[in-house]
Amino acid sequence: MNIANWTNIPNIANQITTGAPQAGFRHDPSVAAASGGGAAQGSAPLLHLDLSDRKGYREDYSIRDAAESLWKQETQTFNLKDLNDPTKASDIIENMRRQARWDLGIGTGETKEEVMSAYIQNLRQNGLSGNVKWSELSQELEAFKTTSPEELADGLDYLASRYVAALDKLERNFSGDDLTAQRDKLEEIYQAGKAGMIDGYTKLLQDNLGISSGDAQAVKDSFSAILAEKVDAYRGTLEKVHEVVSQTGPDSVWLKNHDAYIASQLRAAGAAGQSGARYSVQDLTAAGQIAQSYQTELFNASSCGRNEATLALNLSMVDMKAETMIQKGMVSQNMASLLRNSRSQGHENALAALDQSLFKRESNLAPGEPKGTFASVDRAVFQGIYNTVMNTYQQNGGDGATAIRAGAAYGQTVTAQATVKNPNALRWGISIESYWKDFYTAPNDKEASPLTKQVNKLLEQTGQTSGLGCSTYQKYVNSWQDFITSIGGGVDVRA
C-alpha cells in the first residue's frame with residue numbers, strides 16, 4: 001500500500017435523505033427521514049473542534065497574528081468581577097468599544113493599525129515573559145477530547161507541536177527545581193489533553209462500530225505512538241525554527257517566547273514521516289468517518305426513524321464505501337481487518353437500538369392498538385437485503401448504485417413476507433409498500449418545504465449534490481457518485 005502522498009480521506013458520510021418511513025408509522029411520502037451523514041442529534045456528540053480560540057492553528061500564522069492574539073488576550077479577557085472594579089472597568093469597556101468600532105468599520109478614535117503598531121513596539125522593547133499561561137493552555141488542549149475525523153490530522157499536529165513549543169520555552173527560561181516543577185505542570189496538562197483526544201475518539205469507534213476491547217486498545221496505542229513520533233520530530237526541528245525566528249529582527253525579542261507562534265512554525269517546517277503505529281492517521285480518519293455514518297443510523301434506529309429495510313440499505317451503502325477504500329489501498333490491511341471484523345457488531349448495535357425502541361412502544365400501546373403494532377425486529381429482513389446489496393456489489397465490480405437497486409428489489413419481496421408474518425406491524429403493510437412504490441419516483445418540487453429548498457440551495461452553492469427533486473434511489477446514486485469522485489474515479493473491486 002502506497003499512501004505516502006495521500007493526504008485526504010474522502011468524507012463517506014454523504015447525506016442521503018432517503019425518504020425512509022419511520023419504523024412504527026405508515027409512510028407519508030411528503031415526509032423524508034434524514035439519513036447518511038451529519039450530526040446525529042441526541043446521540044453521542046459528533047466531535048468538532050472550535051478553532052476560533054486556537055493560537056496559531058494555521059501554518060501561515062504571521063507575526064501580526066501573534067501580536068494580535070496577545071493584544072486580544074490582554075484587552076478582551078476579563079472576569080465579570082473586574083467590571084465591579086472602577087480601576088479596571090473603564091479600560092475593559094473602552095477596549096470592547098474599540099474592538100466593536102473596528103469590527104463595524106467605524107473610523108473614530110485610534111485605528112487598529114495605530115494601536116497594533118504601538119503594541120508591537122512595546123513587545124520589541126520589553127519582550128515576553130518565559131512563563132506558560134497554564135489555564136489557557138489547559139483549555140486549548142482540553143478541547144481535543146472533541147476531535148472530528150476531518151480535524152484529526154491537524155489536531156494531532158497541533159497537540160504535539162504545542163507541547164514541544166511550551167516545553168522548549170520552559171527549558172530556555174527556567175532551571176533546577178523551578179524547571180522540574182514547570183515541566184511537571186506541563187506534562188500534567190499535556191497528558192490530560194492527549195488522553196481526552198484518545199479516549200474521545202476511541203469511544204466514537206467503540207460506540208458506533210462496535211470494535212472489540214483489543215482493537216480499542218490498539219487504537220489507543222497507535223494514537224500514543226503517533227503523538228510520540230510527532231513530538232520527537234518537532235523536537236528535532238526546534239533549532240531550525242529558532243534560526244528562522246532569530247532572523248525576524250526586533251521581533252525576535254518577543255517571538256522566541258511566544259510558544260503558540262513557535263508551535264505554528266514547527267508545523268510549517270514539517271512533522272514526522274510515515275508512522276510505525278499499527279493504525280496510521282489515515283486509518284483512524286477513515287474509521288472515524290465510518291463511525292459517524294453508523295452513529296447516524298444507530299441514533300435514527302433508536303427513535304424508530306429506521307426500519308430493518310432502510311437500515312440495511314443505508315449500512316450497506318456505508319460498508320460499500322468502506323470496501324472501496326480498502327480495495328483502493330486508502331487504509332492499511334490492519335485497519336481493513338478492524339473494519340470488517342467489527343461490522344457485524346455495528347449492525348447488531350443498530351438493530352438492538354431499533355428493537356429496544358419498538359419494545360418500549362409495544363409496551364405502551366394506545367387504547368385500541370392491536371398487539372404486534374410494534375413487532376420486534378425481524379433480523380432476516382435486514383440480513384437478506386444487506387447480503388443482496390453486498391453480494392451484488394462484489395459481483396458487479398464495485399457498482400454501489402446498481403447494488404442498491406438489487407437490494408431494493410429483494411426488499412420488496414422480503415418485506416412482503418414480513419407483512420404476512422406480522423400483519424399488524426405499522427412499519428410493514430401499506431407503509432413499506434408505499435416506500436417501495438415511491439423508491440424510484442422523484443417528488444414534485446412544490447412538495448418541498450421552503451426550508452428544504454433553502455438547504456438544497458446552500459448545498460449546491462458549496463458544490464454538493466442537491467437532493468431536491470430526486471427520488472430516494474437517485475439520492476443513493478448521487479451519494480455513491482460523489483464518493484467515487486472524491487476518491488479519484490472508478491474502482492474495480494474484483495481484484
Checking Thr415 against Trp428: is there a side-chain donor and acceptor pair closer than 3.5 Å? no
For Arg235, check side-chain contact (heavy atoms from CB on, under 4.5 Å) against everything at least two apart and list the hits. Val164, Leu167, Glu171, Val231, Leu238
Can you name the side-chain contact (heavy atoms from CB on, under 4.5 Å) partners of Ala350, sequence neighbours left out? Leu311, Leu315
What I want to find out is whether Asp221 reaches Arg278 closely enough, with some N-O distance under 4.0 Å, to be called a salt bridge. no
Would you mind checking if Glu362 and Lys371 are paired as a salt bridge, meaning a charged N to carboxylate O distance below 4.0 Å? no
Basic-acidic side-chain contact under 4.0 Å: Glu308, Arg379: no
Check side-chain contact (heavy atoms from CB on, under 4.5 Å) between Asn424 and all other residues, then give those that pass, not counting sequence neighbours. Pro370
Please check if any side-chain donor atom of Lys230 sits under 3.5 Å from a side-chain acceptor atom of Ser161, or the reverse. no
Does Tyr234 have its ring centroid less than 6.0 Å away from the ring centroid of Tyr163? no
Step by step, would you call Phe144 with Tyr158 a ring-ring contact (aromatic ring centres under 6.0 Å, His included)? CA-CA 10 Å; Phe144 282 100; Tyr158 187 93; 5.8 Å; yes
When you check the side-chain N and O atoms of Ser342 and Gln345, is any donor under 3.5 Å from an acceptor? no
Scan for ring-ring contact (aromatic ring centres under 6.0 Å, His included) pairs involving residues 307-327, sequence neighbours excluded, and state none if there are none. none
Are Tyr393 and Thr324 linked by a side-chain donor-acceptor pair shorter than 3.5 Å? yes
When Glu297 is tested against each of Asn208, Asn314, Asn349 for side chain to side chain donor-acceptor pair (under 3.5 Å), which residue passes? Asn314
Checking side-chain polar atoms at under 3.5 Å, does Gln289 have a donor or acceptor matched by the opposite partner on Glu150? yes
With a 4.0 Å cut-off on N to O distance, would you call Lys194 and Glu187 a salt bridge? no
Under the side-chain contact (heavy atoms from CB on, under 4.5 Å) rule, collect the residues that match up with Ser302, sequence neighbours excluded. Phe299, Ala353
Cut-off 3.5 Å, side chains only: do Asp355 and Ser376 have a donor facing an acceptor? no
Non-neighbouring partners of Asp199 that pass salt bridge (charged side-chain N to carboxylate O under 4.0 Å, His left out), sequence neighbours left out: Lys220
Can you tell if the side chain of Ile432 reaches within under 4.5 Å of the side chain of Arg427, non-hydrogen atoms only? no
